[in-house]
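Since this is a predicted model, take the numbers as computed values, not measurements.
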Amino acid sequence: MADPKGFLTTPRREWPRRPVEERVRDWDEVYVPGALLPLIGPQADRCMDCGVPFCHEACPLGNLIPEWNDLVSRDDWRAAAERLHATNNFPEFTGRLCPAPCEAGCVLAINQPAVTIKNVECAIADRAFEEGFAPPAPPERLSGRTVAVIGSGPTGLAAAQQLTRAGHTVAVYERDDRIGGLMRYGIPEFKMEKQHLERRIGQMRAEGTKFRTGTAVGRDVDAAALRHRYDAVVIATGATAWRELPVPGRELTGIHQAMEYLPLANRVCQGDLEVSPLSAAGRHVVIVGGGDTGADCLGTAVREGAASVTQLDIYGRPGTERDEDAEPWPTYPRLYRLSAAHEEAGELGTAPSADADARLFAASTLRFSGDADGRVRWLHLVEVDAERRAVPGSERALPADLVLLALGFSGPDREDGLIAQLGLELAPRGTLARDAGFATNVPGVFAAGDAARGQSLIVWAIAEGRAVAAAVDRHLTGGASRLPAPIGPYDRPMTAP
């Protein structure tokens, strides 16, 4: 490490956000442009280069974090970019979208604020493109083998890039009109501007990866016929089957899934629409679900000019300090965190009936009620205890003429024909079944990402893509693969025993 006392003398400083009043008037990323780079050198100096760096274990990609922290502190950006890309195909995505389990596993975090690993990662990735340190890496020769990757989210793109670089001819099939999956239409522009996605797609095109947009395998293309056209198929469609809320009044107009709402806002930013058909402008919005997708809906509704926005979380409000008994270091703890969207809602006072950051904790939806035209007007809720039992006398109603359900996803879509046409077996929880080598019950067909693992983080999605690429490469070559496999299909995040 460049500064042996850096972790003792330098406080943690994160990439500053733009003022709330400024950023809610546009869809640009929330951070102050150009303000990250001056912070990064001293922050990288805080890395202790631990003898046993648990940040490696906390991150499924196995990122070489102490190594690139040291290189950044020495101002060797080219070498830092090489070490970063050695384990992560898309650090500009994870540096913006990942909740950073690596920081929860930072040894410094035992008794001090962790190293700003995520910020350092983002700075390296952006600098790499600016300085030309991440050129396309096409293969020296082609193998003559072909692979179809179904789905262009982080898993599909990572698998495609790895397999293309290994010399195989890869085509990525995407049902939407643009590449990117949830990163394209599920992640709001203020969290990650799509220029970063376009930049990486351009690199992949230059390497030789082919893209087929507007093609839903199972509907537009028969999945079984596709299997016969390629030497191998990777299914990376994600977990797109959203969870429902079966309560009275669900049939009322004005109640929508988050993934019906967010893509339309993204299409406005892309220039496809002038105004979203589900715009929150002037409406009382209630978001059911306390996760990141709910926060994305919150930030979007604020920018659209909602009259009020409230987010319901069925869990109680977490503490600000790690519970060492339930979630000991280095596991990822459930803490009270203030996202950019919650900061905006709190400062603007969007939810008079909720806590300062627009969230109502320990709140469970009982039913919806509407007007004579069948439109939702009220959401009725009740406070619950730690066992999710209703607290007597706590029922109340919130005005709601737009309700967004952000309850997560249960597995891959079973309605598009893909699963049935291939005859794929499902695991008991509804995800695609696979063996220890990522292979499904259909020869030559592999499954990776949320479609097989279940809903997870972007770092796990990319790790799955890299690992399934190694499995497919072994299948195609009949021997060992040079491609890295950072995880196995049954690996899971660290938890307390």
Side-chain angles (χ1 to χ4, degrees), residues 20-21 24-25 188 242-265 268 275-317 338-384 388 390-408:
V20 167
E21 287 287 351
V24 297
R25 294 193 183 100
W242 51 57
R243 293 192 176 96
E244 260 298 344
L245 184 63
V247 299
R250 171 62 181 90
E251 73 284 354
L252 292 168
T253 302
I255 304 173
H256 301 274
Q257 289 284 346
M259 291 312 299
E260 295 175 310
Y261 171 72
L262 290 172
L264 292 171
V268 172
V275 178
S276 168
L278 297 183
S279 174
R283 304 170 79 175
H284 296 287
V285 181
V286 179
I287 302 159
V288 183
D292 287 343
T293 302
D296 292 344
C297 291
L298 174 62
T300 300
V302 167
R303 283 162 177 76
E304 289 180 336
S308 69
V309 194
T310 307
Q311 183 181 6
L312 307 185
D313 191 335
I314 199 169
Y315 295 101
R317 176 169 174 159
L338 197 65
S339 73
H342 294 121
E343 180 185 49
E344 293 158 5
E347 190 166 319
L348 298 176
T350 68
S353 59
D355 292 340
D357 62 6
R359 282 178 283 191
L360 276 176
F361 292 98
S364 178
T365 304
L366 292 175
R367 65 186 183 279
F368 302 106
S369 58
D371 57 22
D373 295 324
R375 291 199 57 86
V376 66
R377 287 290 178 258
W378 297 92
L379 181 148
H380 301 263
L381 62 88
V382 65
E383 184 181 340
V384 294
R388 299 190 184 181
V391 176
S394 64
E395 182 178 338
R396 58 172 164 144
L398 298 177
D401 43 28
L402 175 61
V403 175
L404 303 174
L405 306 181
L407 301 171

Heavy-atom distance under 4.5 Å between the side chains of [X] and [Y], does that happen here?
{"X": "E21", "Y": "L348", "value": "yes"}
{"X": "V288", "Y": "L379", "value": "yes"}
{"X": "L252", "Y": "V403", "value": "no"}
{"X": "R388", "Y": "S364", "value": "no"}
{"X": "L381", "Y": "R396", "value": "yes"}
{"X": "R377", "Y": "F368", "value": "no"}

If you look at every heavy atom in [X] and [Y], which pair is closest and at what distance?
{"X": "V384", "Y": "A363", "answer": "CG2-N, 4.3 Å"}
{"X": "R303", "Y": "V24", "answer": "CG-O, 3.6 Å"}
{"X": "L262", "Y": "M259", "answer": "CD1-SD, 4.2 Å"}
{"X": "V376", "Y": "L402", "answer": "CG1-N, 4.4 Å"}
{"X": "T293", "Y": "A258", "answer": "CG2-CB, 3.7 Å"}
{"X": "V247", "Y": "L366", "answer": "CB-O, 3.4 Å"}

### Task
Could you tell me whether R359 and D313 have a side-chain N and a carboxylate O separated by less than 4.0 Å?
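Salt bridge between R359 and D313, a charged N being under 4.0 Å from a carboxylate O: no.
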### Message
One thing to verify: whether E304 and R283 come together as a salt bridge, which I'm taking to mean a side-chain N less than 4.0 angstrom from a carboxylate O.
### Response
no
When you measure from the side chain of [X] to the backbone N and O of [Y], does any donor-acceptor pair fall under 3.5 Å?
{"X": "D371", "Y": "D373", "value": "yes"}
{"X": "D401", "Y": "H284", "value": "yes"}
{"X": "Q257", "Y": "R243", "value": "yes"}

Rounded at 0.5 Å granularity, tell me how far [atom1] in [X] sits from [atom2] in [Y].
{"X": "L278", "Y": "H256", "atom1": "CG", "atom2": "NE2", "result": "4.5 Å"}
{"X": "F361", "Y": "I314", "atom1": "CZ", "atom2": "CD1", "result": "13.0 Å"}
{"X": "D357", "Y": "L338", "atom1": "CG", "atom2": "CG", "result": "6.0 Å"}

